[in-house]
Amino acid sequence: MKAVLKMASSNGFENHHGCPSNLRSELDKDLFAVGSSADKEAFKRIYLEMGPKLKAYLVKTGQSQSEADEILQETLIKVWRKASLFNPAKSSANTWIYSVAKNARIDRIRKETRPKPDPEDPSFVPDPPETGEDSVNRIQDERLIRAAMQVLSSDQAQIIKMSFFEDKSHAEISAELDLPLGTVKSRIRLAFGKIRNEVEKLS
Amino acid sequence: MTIRHHLSDDTLLAYANGTLASTLSVVAATHLAICPKCRNQLEFIFAAGAAELEVLEPDFGSGLDLSIIDEITQLPQEASSIKPENLTLQTTDEKQVPKPLRNILPCELDDIPWKRLVPGISHYPLKGFANPDGKGALRLLKISPGMVMVEHSHSGQELTLILRGSYIDEVGRFAQGDLADLDDNLHHQPVADTDQDCICLIATDSPLKFKGFFSRLLQPLIGI
């Protein structure tokens with residue numbers, strides 16, 4: 001048995017009232033408002049901003065128009081219901097909503113629930129308590145990531161795009177590009193290594 | 001528990017995209033439950049995907065339907081389970097196995113009805129969790145202290161999570177919580193290196209290849 005201090009920081013609160021200091025975009029503020037005060041106007045703004053982007057993503061990954069609409073609706077329901085679990089210290093609202101959509105899509109396609117870690121599980125090991133400085137480092141800044149992704153070679157960028165936008169498995173990518181599976185995997189590892197390095201340099 | 005061996009980025013990407021074989025996903029999720037570092041890496045991969053979202057042309061379809069907003073906002077919301085004022089001392093129960101695995105075990109880890117493969121090595125196949133293509137397997141493996149596993153390599157991917165004890169092989173030492181993310185073409189021969197049984201959760205997405213003539217003969221019998 002190991003005792004771990006489960007910090008309030010795992011919910012992104014730096015102070016005990018009002019807005020946490022790490023709401024960095026309008027979308028972050030809106031999602032936080034949906035979670036903390038069931039703000040319907042904020043939810044509508046999220047829909048207007050993210051709906052068309054998620055729809056484009058879902059169609060691009062091979063869903064039909066009607067499937068994409070259904071998954072989008074499921075996503076919106078989850079965003080509304082689970083907004084209080086959004087942790088601005090860990091991810092941006094954009095990433096959080098994208099993950100919700102991705103998971104909704106995967107659960108539908110796989111026709112089974114993919115196993116996921118559950119923070120309520122007694123065996124779950126929570127994040128270690130952080131100092132303010134660490135917590136800044138932990139936020140995954142998409143702006144920096146997008147800039148960092150520019151340094152990828154065209155070979156690496158292509159594989160990352162096929163993974164994210166066509167949701168192809170490594171084996172499918174290997175067949176389509178006529179590359180050994182090991183090469184596909186090592187390119188992915190190199191690509192993320194490069195992105196991470198570049199993000200560190202830029203931040 | 002200090003975790004030294006982690007999921008690789010290509011495995012995390014496949015998990016994030018839902019393209020990782022079901023058997024491998026169970027092991028990945030079980031490790032993620034106890035490894036904040038891998039959860040952070042996974043978050044990084046999601047953030048990279050979300051960043052890519054920005055370059056897509058938004059799809060307005062046949063126009064935005066605002067009526068669903070009214071419908072959805074009628075639904076009850078889930079309360080956050082973690083209140084900022086609740087600075088509680090949470091204990092992580094290391095005796096139990098994490099939920100993604102516990103959900104598919106018939107009993108506690110201590111009560112598993114092990115099946116002996118060879119002296120000193122037993123296993124417990126977790127059936128009913130096959131990959132759609134029928135290949136690969138998920139099993140628990142128990143290696144007695146000092147026992148040497150048959151040397152083998154993989155035609156696909158193998159993920160091994162150490163639940164109890166430890167082992168050592170050509171790659172390094174793997175202890176409780178560590179995850180060995182092994183690619184094809186690696187030959188390895190794990191040895192349980194403490195006085196405790198080493199219990200691991202192993203998933204493959206294709207059959208193992210055994211090196212020796214004798215162990216190849218055994219393969220159909222033990223069914224790994």
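Protein chains get the first letters and strands the later ones, always in sequence-line order, with residue 1 at the start of each. Just so you know, these numbers come straight off a predicted model, no measurement behind them.
To the nearest 0.5 angstrom, B/Thr19 atom OG1 is 8.0 Å from A/Ile106 atom CD1. Annotation: the span from B/Leu13 atom CG to A/Arg189 atom CZ amounts to 11.5 Å, rounded to 0.5 Å. Rounding to the nearest 0.5 angstrom, the gap separating the CG atom in A/Leu76 from the CD1 atom in B/Ile72 is 4.5 Å. Here the straight-line distance linking atom CG of A/Leu48 with atom CZ of B/Phe60 works out to 8.5 Å at 0.5 Å rounding. Distance check, rounded to the nearest 0.5 Å: NZ of A/Lys102 to CD1 of B/Ile45 gives 10.5 Å. The CG atom of B/Asp10 sits 13.5 Å away from atom CZ of A/Arg187, with the distance rounded to the nearest 0.5 Å.
Remark: the backbone N or O of A/Val34 is paired with a side-chain donor or acceptor of B/Gln77 at under 3.5 angstrom. Panel note: side chain A/Arg114, backbone B/Leu20; no donor-acceptor pair is recorded below 3.5 Å. In terms of modelled atom types and a separation under 3.5 Å, the side chain of B/Asp9 and the main chain of A/Phe192 share no donor-acceptor contact. Remark: the backbone N or O of B/Glu78 is paired with a side-chain donor or acceptor of A/Ser84 at under 3.5 angstrom.
Looking at every heavy atom in both residues, B/Arg39 comes nearest to A/Phe124 through CZ-CZ, 3.2 Å. The two atoms that bring B/Leu32 and A/Pro117 nearest to each other are CB-CG, 3.8 Å, heavy atoms only. Contact between B/Ala51 and A/Ile145 at its shortest, heavy atoms only, is CB-CG2, 4.3 Å. The two atoms that bring A/Pro126 and B/Pro36 nearest to each other are O-CG, 3.7 Å, heavy atoms only. Scanning both residues, A/Thr95 and B/Glu43, for their nearest heavy atoms gives CG2-OE2, 3.7 Å.
Residues of residues 162-170 of chain A lying under 4.5 angstrom from chain B, judged on non-hydrogen atoms, are A/Ser163, A/Phe164, A/Phe165, A/Asp167, A/Lys168, A/Ser169, A/His170 in numerical order. Contacts with chain B (heavy atom to heavy atom, under 4.5 Å) involve these residues of residues 58-69 of chain A, listed by number: A/Val59, A/Lys60, A/Gln65.
Heavy atoms from other residues, nucleotides or ligands lying under 6.0 Å from CG of B/Asp111 number more than 12. Within a 6.0 Å sphere centred on NZ of A/Lys44, other residues, nucleotides and ligands contribute 12 heavy atoms or fewer. The neighbour count for B/Arg4 CZ, taken as heavy atoms of other residues, nucleotides or ligands under 6.0 Å away, does not exceed 12. A 6.0 Å sphere centred on NZ of A/Lys78 holds more than 12 heavy atoms belonging to other residues, nucleotides or ligands.
Interface residue B/Ile68: only side-chain heavy atoms are found under 4.5 Å from chain A. Of the atoms belonging to B/Glu52, heavy atoms from both backbone and side chain fall under 4.5 Å from chain A. Interface remark: B/Leu12 contributes no atoms to any contact with chain A (heavy atom separation under 4.5 Å).
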Could you walk me through whether A/Lys90 and B/Asn40 pass the side-chain hydrogen bond (donor to acceptor under 3.5 Å, both in side chains) test, one step at a time?
CA-CA 8 Å; A/Lys90 278 218 199 119; B/Asn40 192 245; over 6 Å; no

Would A/Glu142 and B/Leu53 count as a side chain to side chain contact (heavy atoms under 4.5 Å, CB included) here? Give the steps.
CA-CA 10 Å; A/Glu142 288 153 39; B/Leu53 205 60; over 6 Å; no

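Counting only heavy atoms from C-beta outward, the side chains of A/Lys185 and B/Ser8 never approach each other to under 4.5 Å. Between A/Lys116 and B/Tyr15 the shortest side-chain heavy-atom distance falls below 4.5 Å. In this structure, the side chains of A/Arg196 and B/Gln41 come closer than 4.5 Å at one or more pairs of heavy atoms.
The most heavy-atom pairs under 4.5 Å with chain A, out of B/Ser25, B/Gly18, B/Ala33, come from B/Ala33. Of the residues considered (B/Ile69, B/Asp59, B/Thr30), B/Asp59 shows the highest number of contacts with chain A, using heavy-atom pairs under 4.5 Å. In terms of heavy-atom pairs under 4.5 angstrom with chain A, the leader among B/Pro98, B/Gly49, B/Ala16, B/Pro58 is B/Gly49. In terms of non-hydrogen atom pairs under 4.5 Å with chain B, the most contact-rich of A/Arg146, A/Arg105, A/Lys55 is A/Arg146. Among the candidates A/Gln73, A/Glu172, A/Lys82, the residue making the largest number of heavy-atom pairs closer than 4.5 Å to chain B is A/Lys82. Ranked by heavy-atom pairs under 4.5 Å with chain A, the list B/Gly177, B/Pro100, B/Ala48, B/Cys35 is led by B/Ala48. Of the listed residues (A/Trp96, A/Phe43, A/Tyr57, A/Tyr98), the one with the most heavy-atom contacts under 4.5 Å to chain B is A/Tyr98.
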